[in-house]
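In what follows, a single structure is set out as structure tokens and then discussed.
Per chain, numbering begins at 1; letters A, B, ... match sequence-line order.
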Amino acid sequence: MANFWKPGTERPRLVDDEEGGVLFHYSSSSAYSSGFGYGSIEKQRKRLPIYKYRDAILYLVETHSTTIIVGETGSGKTTQIPQYLKEAGWADGGRVIACTQPRRLAVQSVASRVAEEMGVKFGEEVGYTIRFEDITTEGITRIKFLTDGVLIREMMDDPLLTKYSVIMVDEAHERSISTDIILGLLKKIQQRRPDLHLIISSATIEAKSIAAFFETRRRRPGLEGEELGPKPVPAILSVEGRGFNVEINYVEEAVLDYLRAAVSTVLSILDQESIGDILVFLTGQDDIDATIQLLNEEAYDNGRKSSDLLVLPLYSGLSRAEQDLVFSPTPRGKRKVVMSTNIAETSLTLEGIVYVVDCGFSKQQFYDPISDIESLVVAPISKASARQRAGRAGRLQPGKCYRLYTEEYYTNEMSAVGIPEIQRSNLVSCVIQLKALGIDNILGFDWLASPSPEAMIRALEVLYSLGVLDDDAKLTSPIGFQVAEIPLDPMLSKMILASGQLGCSEEIVTIAAVLSIQSIWISVRGARKELDEAKLRFAAAEGDHVTFLNVYKAFLLSGKSSKWCHKNYVNYHAMKKVIEIREQLKRIMQRLGIGLKSCEWDMQVVRKAIIAGFFANACRLEAYSHDGKYKTVRSSKDVYIHPSSILFRVNPKWVVYHALVSTDRQYMRNVISIDPSWLVEAAPHFYISQAPDFKLAR
DNA sequence: GAGCACTGC
């Protein structure tokens, strides 16, 4: 059993004052009893009257172009601030207050809470916009919640966001690509619109760097000493959260096997503490399955009846019903132990968790622009993540967090924040969005964190080869603008454009919708064989893309039946999403003048349309290969067909893949067989310039 | 013979 000790409690620390900035610290402790909004403001620098929280935020928004608000979960910032702004008249005269969130679910729940608190009808004064759902009323809605991605799309039509008076960007510390793009663009917009006020909500740890980013130090026009407009130096307001205290425990010595350490920690919590559910953070499905098995064995060996424990896995690959199990109340006499991936860190909130066990790792995506490979690797989490995980224990009552790493490691070695997503990703979508927004000099864009030049150059190359950018790296017309308009990966968008000309857009739009979601299959751990058999019922010789068409067709024939899905190992929720995306794409295609036409199962044109977007992903089977080894045409890398593919072990001579997944090998996911002559037909420029010695087997 | 998590007119 790992030994733990308590070095004291972990409290949020105050951010240091930025030079020339204003920093308030608001303690909401007295607000617990008297309802939210009354407390004391501790003035750090300038002498100012004591404000209530409401007045403080309004004062700062009034006097500063940018206000950074630091507050933990439960501080009420997300729901209260928009209401304060509304009361103070920021939504008068047809103006709108916008609040972004990085997740759809958060947008919906925050919006409904605010509408309820204000006692207004949802969708009128208070509304939200997320993909597929616009619950707002033009001219009526004054407070609008939206996802960061939707705000970027809105900027494409209205680059200065003229209808908004205040924009609040929530969860900025999570540093999603969309949030980073938005922050860069908002800084630019501020120069043109001094009347636009920003509120950026962040975890303490990121507040300083975000404030520094927005600090322009630009001298305002006007006479000496004359105050014109709000101060360009950001203010930082710190609000204490209402979460309960979480006692942090560290292991005394580094653990070698965090799965075993997790199991023994869980067992000792069960022994020492009589009530409260336990949440264990692990890296992935494999870890979770192994740990659950280990825990059940050890618990049995310790004389604990298996009926005492309710051990549940939690990860995104589970079906909705399986995920819902963790939300059901723990039966009397049982102890609930949830083994989860990062999904429980931000996306799902479990009430009733009193103990958190944190292994200190998570799976993270990294992108290597040189090899153009995205890979998922187990990597140490950041301090910010560790605090977020610990916070999951203190939602209902004081809790405890057991960290399976030493305090020395946490203090001295763990990095403060994670690497922003933009520095770990393929930038193709990001670059085309910026181009569509009129940002031509991508390398010179004012980033909160710059992506690597290699990644940007790679993205520009890909877009150029797709015919989306011209020699001057400007969007081509009409292709470039059309691709930017379609909310998909540019390769998928290009495929859709080609399908219009090839007369198979009905089929291709279905394929595009399926490829843009995770998976249409249910992953049942013990039923691999059954899933494979189910897949075979829809198998198409051409490959996975055509197989998807078969599934979609059969799903429609079943009357979009959930029962049919269940019987065929098809994920019903995924299929409903496919239909939604398909409908959205059809609307956009109509607007772009792409006719909807079916090729009546002529799968040759379908494959040609796919190649129009994915010609760069062509691979050839190695001659005399015994293990199904392929070489990519572009860079002669060794790749294999993924075992989930319908063409696994079929190994056609030439294939085009949708994406590579990198584990011990490079696997091609979603593969179709092709005739190599189609490659040159679809992209002569690419194959001539990229591989002059490329010989076709005609 | 294998899958962190989100997201988008």
Side-chain angles (χ1 to χ4, degrees), chain A residues 100-107 129-134 146-157 171 174-179 181-182 281-289 314-318 340-348 359 361-366 374-379 381 385 388 418 421 424-425 429-430 432-433 436 482 484-490 492-493 513 516-519 521-525 528-529 531-532 577 580-581 583-592 627-628 640-645 648-649 659 661-665 667-670:
Chain A
T100 75
Q101 290 283 338
R103 279 174 288 279
R104 293 161 54 91
L105 205 69
V107 168
T129 308
I130 55 180
R131 192 184 190 186
F132 312 128
E133 267 183 86
D134 184 8
L146 67 175
T147 40
D148 45 14
V150 170
L151 189 68
I152 292 178
R153 288 283 161 189
E154 287 193 359
M155 282 191 225
M156 289 185 185
D157 292 331
E171 313 284 12
E174 286 187 25
R175 305 297 302 275
S176 72
I177 290 182
S178 294
T179 294
I181 293 177
I182 283 176
F281 281 104
L282 297 165
T283 63
Q285 199 173 328
D286 282 343
D287 271 7
I288 290 170
D289 290 344
L314 181 62
Y315 45 85
S316 71
L318 293 174
S340 175
T341 61
N342 253 4
I343 192 170
E345 193 178 302
T346 49
S347 303
L348 293 178
C359 77
F361 293 92
S362 69
K363 282 199 186 171
Q364 292 161 35
Q365 187 183 277
F366 288 92
E374 287 176 307
S375 48
L376 215 49
V377 292
V378 174
I381 61 170
S385 244
Q388 176 74 18
E421 193 186 5
R424 300 185 278 113
S425 304
S429 293
C430 167
I432 198 172
Q433 279 180 343
Q482 289 179 326
E485 191 84 359
I486 301 173
L488 296 175
D489 183 291
L492 290 171
S493 305
S516 63
I517 62 167
Q518 292 275 8
S519 171
W521 306 106
I522 292 175
S523 76
V524 188
R525 208 47 171 180
R528 198 173 280 170
K529 199 164 146 257
L531 173 61
D532 282 352
K577 214 166 159 189
E580 270 189 323
I581 295 172
E583 290 306 311
Q584 183 192 28
L585 293 175
K586 273 166 64 178
R587 283 197 301 276
I588 294 164
M589 286 163 72
Q590 198 168 25
R591 211 173 57 209
L592 295 177
D627 58 348
Y640 298 82
I641 293 181
H642 195 277
S644 67
S645 170
F648 179 66
R649 291 208 182 109
V661 291
S662 179
T663 48
D664 51 330
R665 282 176 166 183
Y667 285 106
M668 301 181 270
R669 281 198 64 189
N670 298 326

Note to self: Testing the 3.5 Å rule here: is there a donor-acceptor pair between the side chains of A:E171 and A:T179?
What the structure shows: no
Check: Expressed in angstrom and rounded to an integer, what is the separation of A:Q365 atom CD from B:dC6 atom C1'?
Finding: 11 Å
Checklist line | A:R587 CZ - B:dG8 C1' separation (whole Å) | finding: 13 Å
Next item on the list: Classify the nucleic acid contact of A:S347 as base, sugar-phosphate or nothing, counting any heavy atom under 4.0 Å across all strands shown.
Entry: sugar-phosphate
Checklist line | Phosphate OP1/OP2 of B:dC6: any A:R104 side-chain N/O under 4.0 Å | finding: no
Notebook entry, point to check: Rounded to the nearest 0.5 Å, what separation is found between the CE atom of A:M155 and the CD atom of A:Q433?
Noted result: 10.0 Å
Next item on the list: In plain terms, say whether A:K586 and A:E583 are close enough for a salt bridge, that is, a side-chain N and a carboxylate O under 4.0 Å apart.
Entry: yes
Check: To the nearest angstrom, how far is A:D286 atom CG from B:dG1 atom C1'?
Finding: 13 Å
Item checked: Selected nucleotide, minimal atom distance to A:P643 side chain, candidates B:dA2, B:dC9, B:dA5 -> B:dA2
Check: Between A:E345 and A:Q388, do the side chains contain an N or O donor and an N or O acceptor separated by less than 3.5 Å?
Finding: no
Next item on the list: Assign A:R649 to base, sugar-phosphate, or nothing according to its heavy-atom contacts below 4.0 angstrom with the strands shown.
Entry: base
Margin query: Please classify the nucleic acid contact of A:L376 as base, sugar-phosphate, or nothing, using heavy-atom distances under 4.0 Å.
Written below: base
Notebook entry, point to check: Of the nucleotides B:dG3, B:dC9, B:dC6, which has the atom closest to the A:R591 side chain?
Noted result: B:dC9
Notebook entry, point to check: Is there a side-chain contact between A:L585 and A:L488, using heavy atoms and a 4.5 Å cut-off?
Noted result: yes
Item checked: Check: B:dG8 base within 3.5 Å donor-acceptor of A:D489 side chain -> no
Margin query: Rounding to an integer number of Å, can you tell me how far A:Y667 OH sits from B:dG3 P?
Written below: 7 Å
Item checked: Separation of atom CZ in A:F281 from atom C1' in B:dA5, rounded to whole Å -> 12 Å
Notebook entry, point to check: Where the side chain of A:S644 is defined as all heavy atoms beyond and including C-beta, which of B:dA5, B:dC6, B:dA2 is the nearest nucleotide?
Noted result: B:dA2
Margin query: Please pick, from B:dG1, B:dT7, B:dG8, the nucleotide with the shortest atom-to-atom distance to any side-chain atom of A:K577.
Written below: B:dT7
Check: How long is the line joining CD of A:Q518 and P of B:dT7, in whole Å?
Finding: 10 Å
Next item on the list: Please tell me which of A:G284 and A:L488 maps to the more 5' nucleotide of DNA chain B, matching each residue to the nucleotide holding its nearest heavy atom.
Entry: A:G284
Next item on the list: Can you tell me the distance, in whole Å, between the CD atom of A:Q433 and the C1' atom of B:dC9?
Entry: 11 Å
Notebook entry, point to check: Heavy atoms under 4.0 Å, any strand shown: does A:R131 hit a base, just sugar-phosphate, or nothing?
Noted result: base
Check: Counting side-chain heavy atoms from CB outward, which of B:dA5, B:dG3, B:dG1 is closest to A:E421?
Finding: B:dA5
Note to self: Applying a 4.0 Å non-hydrogen cut-off, can you work out what A:D532 is touching in the nucleic acid: base, sugar-phosphate, or nothing?
What the structure shows: base
Notebook entry, point to check: If we ignore angles and hydrogens, is there a donor and acceptor under 3.5 Å between the side chains of A:Q364 and A:R424?
Noted result: no
Notebook entry, point to check: For the pair made of CG in A:L146 and P in B:dC9, what is the distance, rounded to whole Å?
Noted result: 9 Å
Checklist line | Phosphate-side-chain proximity, A:T147 and B:dT7, N/O vs OP1/OP2 below 4.0 Å | finding: no
Check: Counting any heavy atom closer than 4.0 Å, what does A:E345 reach on the DNA or RNA strands: base, sugar-phosphate only, or nothing?
Finding: nothing
Check: Nearest nucleotide by nearest heavy atom, which residue falls closer to the 5' end of DNA chain B, A:I343 or A:Q584?
Finding: A:I343
Check: Can you check whether A:S316 has a side-chain N or O nearer than 4.0 Å to OP1 or OP2 of B:dA5?
Finding: yes
